[in-house]
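Throughout, numbering of the chain's residues begins at 1 and tracks the sequence.
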Amino acid sequence: MTITSQAKLSARYGAPDIAPLEPWNDTLDQLLDHRSVRAFTDQPLPEGTIQTLIAAAQSASTSSNLQVWSVVAVQDTERKHRLSALAGNQAYIRQAPLFFVWVADLSRVARVAEQQGVKLEALPYLESLLLGTIDAALAAQNAVVALESLGLGSVYIGAIRNDIEGVAKELHLPPQVYPVFGLCVGYPSTERTAQVKPRLPQRAVLHHDTYSVASEPEVIAQYDERLGAFYQREGLQAAGWSEQVINRLRNVKNLNGREALVEELNRMGFGLR
C-alpha cells in the first residue's frame, strides 16, 4: 500500500492514524477516492462516452438475468431544466452535460409476455419491483466506477423521486417503469473541488457471524466528531452524523413528496402486493 493509498484510506474514514489495509491494488485506490461532484465544467463529453458507460453498467450482476432496468440519457438543455425543477431545483442537473435517469423497468418483460400471450402473475408483487430497483442501482454504480476511471465525476440525485409521475411524463415512461434516481455526469470543476466525505467506521457496519450493537454508541460518537470536523473544514454547519440523520428523518415533510410513492407507483401500473 503506497503513501498515496494510505492518504486515501485516511480520508475515507476521516482518521489520519488508520492502519494500512492489505491486500491492495489500483482498483481499490480508485474506489476509495470516490466523491460526489456538484460542480462541472462546460467541457463536452468525448464521443462514445454514453455507450461506454452503458456497457459497464450492463456488466453488473442482474437477478436471474431478467435485466429489469433501463436508463434515459438526457442531454437536451430544456429537458434538464424541467427535470431539475421536478427534483428540488438542483443546479448541477442543469449544469452537467449529461444527466442519466435510471429506471426500474418491468414494462419490457411485460411486453415480451404479452407478445407470447402469457400473463406474468409474479409481476405485481413487491419482489419484482425490488428486483428492478436493485438491478438499476447495481448498473448505475458500475457506470460510476467506469466514469471515474475516465476522469469524469458524478453525483446521484435521489430527489428525482420527489415527483415520479412528473418525471415519468417528462421522459415518456410507459406504465410499470419508475425513476429510481438520477445521475449527473461531467468533468469536475477545478474551482469547486469535491472532497472525500468520511464514512462510518467499519465497526459500525461490519458484523462477524451475528449482528451486534455492543460498541455502536462509542463508534457513532467517534464518527460524529470526525464528520463534524470534515464539515467545519468545508465551511459547512458542523453537525455530526447523528444530528444529520435525526434532522433528515424526524419529519415526514423532509421526504419532499416521496411519502406518496406507494400511491404513485400503483397509479403507474405496478399494482403492488
Next item on the list: Output, in order, the C-alpha distance, side-chain angles, deciding distance and verdict of side chain to side chain contact (heavy atoms under 4.5 Å, CB included) for L21 and L9.
Entry: CA-CA 8 Å; L21 295 178; L9 181 65; 3.7 Å; yes

Next item on the list: Start with the C-alpha gap between D33 and R35, add the side-chain angles, then the distance that decides, and say whether salt bridge (Lys or Arg N to Asp or Glu O under 4.0 Å) holds.
Entry: CA-CA 6 Å; D33 204 35; R35 73 280 308 277; 2.9 Å; yes

Checklist line | Residues F40, L98; criterion side chain to side chain contact (heavy atoms under 4.5 Å, CB included); working and verdict | finding: CA-CA 10 Å; F40 301 91; L98 172 62; over 6 Å; no

Item checked: Verdict with reasoning, K197 to Y231, per side chain to side chain contact (heavy atoms under 4.5 Å, CB included) -> CA-CA 9 Å; K197 184 181 294 182; Y231 284 142; 3.7 Å; yes

Margin query: The test is side chain to side chain contact (heavy atoms under 4.5 Å, CB included); show your working for H34 and R12 and say whether it passes.
Written below: CA-CA 9 Å; H34 168 75; R12 175 52 64 208; 4.0 Å; yes

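Taking all atoms of both residues into account, the shortest heavy-atom contact from R258 to R161 is CG-O, 3.0 Å. Of all the heavy atoms in H207 and V205, the pair that sits closest is CD2-O, 3.6 Å. Of all the heavy atoms in A96 and K80, the pair that sits closest is O-NZ, 2.5 Å. When every heavy atom of V155 is checked against every heavy atom of S36, the shortest pair comes out as CG2-CB, 3.8 Å. Heavy atoms only, all atoms of each residue included: A39 and Q95 are closest at CA-OE1, 3.5 Å. When all heavy atoms are compared, the tightest approach of A56 to A146 is CB-CB, 3.6 Å.
Note that the CZ atom of R273 and the CG atom of L129 stand 13.5 Å from one another [nearest 0.5 Å]. With rounding to the nearest 0.5 Å, the separation of CD1 in I93 from CZ in R38 is 11.5 Å. Of the inter-residue distances, the one linking I157 atom CD1 with F100 atom CZ reads 14.0 Å to the nearest 0.5 angstrom. Once rounded to the nearest 0.5 Å, the distance linking CG of L227 with CG of L200 reads 8.5 Å. Atom CZ of R94 and atom NE2 of H81 lie 5.5 Å apart (nearest 0.5 Å). Atom CD of residue E170 and atom CD of residue E78 lie 10.0 Å apart, to the nearest 0.5 angstrom.
Side chain of R108 to backbone of W69: a donor-acceptor contact under 3.5 angstrom is found. Between the side chain of Q30 and the backbone N or O of V145, at least one donor-acceptor pair lies under 3.5 Å. In this structure, N266 contributes its side chain and L272 its backbone to a donor-acceptor pair below 3.5 Å. In this structure, S128 contributes its side chain and A122 its backbone to a donor-acceptor pair below 3.5 Å. A donor-acceptor pair under 3.5 Å is absent between the side-chain atoms of N251 and the main chain of N254, judged by distance alone. Side-chain atoms of T49 do not come within 3.5 Å of backbone N or O of L45 as any donor-acceptor pair. Remark: the backbone N or O of W241 is paired with a side-chain donor or acceptor of D224 at under 3.5 angstrom.
Inter-residue side-chain proximity for E243 and Q237 is flagged as met; some heavy-atom pair is nearer than 4.5 Å. Taking the side chain as every heavy atom from C-beta outward, R267 and E263 approach each other to under 4.5 Å. Two residues are said to be in side-chain contact when any heavy atoms from C-beta on lie closer than 4.5 Å; V72 and V74 meet this criterion. For the pair P97/P44, no side-chain contact is recorded, criterion being any heavy-atom separation below 4.5 Å from C-beta on. Under the 4.5 Å side-chain criterion, counting only non-hydrogen atoms from C-beta, L255 is in contact with R248. In this structure the side chain of L28 never reaches within 4.5 angstrom of the side chain of K8, judged on heavy atoms. Residues V167 and L83 meet the side-chain proximity criterion, which asks for heavy atoms closer than 4.5 Å. Under the 4.5 Å side-chain criterion, counting only non-hydrogen atoms from C-beta, Q195 is in contact with F230.
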Which side-chain N or O atoms in residues 176-190 pair as donor and acceptor under 3.5 Å with protein atoms at least two apart or in another chain?
{"unit_1": "Y178", "atom_1": "OH", "unit_2": "T133", "atom_2": "OG1", "d": "2.8"}
{"unit_1": "S189", "atom_1": "OG", "unit_2": "E191", "atom_2": "N", "d": "3.1"}
{"unit_1": "S189", "atom_1": "OG", "unit_2": "R192", "atom_2": "N", "d": "3.4"}

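With no hydrogens or angles considered, a side-chain donor-acceptor pair links Y92 and Q90 at under 3.5 Å. If you check the side chains of E218 and Y223, you find no donor sitting under 3.5 Å from an acceptor. A side-chain N or O of Q67 and one of N65 form a donor-acceptor pair less than 3.5 Å apart. A donor and an acceptor atom, one from each side chain of S5 and T2, are located under 3.5 Å apart. The closest side-chain donor-acceptor pair between D135 and T62 falls under 3.5 angstrom.
There is no path of hydrophobic side-chain contacts, each under 4.5 Å, that joins V196 to Y13. Transitive grouping of hydrophobic side chains (ILVMFWY, heavy atoms separated by less than 4.5 Å) brings M268 and L120 into a common cluster. Linking ILVMFWY side-chain heavy atoms closer than 4.5 Å, directly or via other members, places V262 and I164 in two distinct hydrophobic clusters. Linking Ile, Leu, Val, Met, Phe, Trp and Tyr residues whenever their side-chain heavy atoms come within less than 4.5 Å places Y156 and I54 in a single cluster. Cluster annotation: L131 and Y125 are assigned to distinct hydrophobic clusters (Ile/Leu/Val/Met/Phe/Trp/Tyr, side-chain heavy-atom contacts under 4.5 Å, transitive).
The local environment of CG in D26 is sparse, with at most 12 non-hydrogen atoms from other residues, nucleotides or ligands closer than 6.0 Å. Atom CD of E259 sits in a crowded spot, with more than 12 heavy atoms from other residues, nucleotides or ligands closer than 6.0 Å. Within a 6.0 Å sphere centred on CD of E114, other residues, nucleotides and ligands contribute 12 heavy atoms or fewer. For D17, the CG atom sits in a packed shell: over 12 heavy atoms of surrounding residues, nucleotides or ligands are nearer than 6.0 Å.
Of the residues listed (L123, I134, L130, L106), the one engaging V68 in a side chain to side chain contact (heavy atoms under 4.5 Å, CB included) is L106, and it is the only one.
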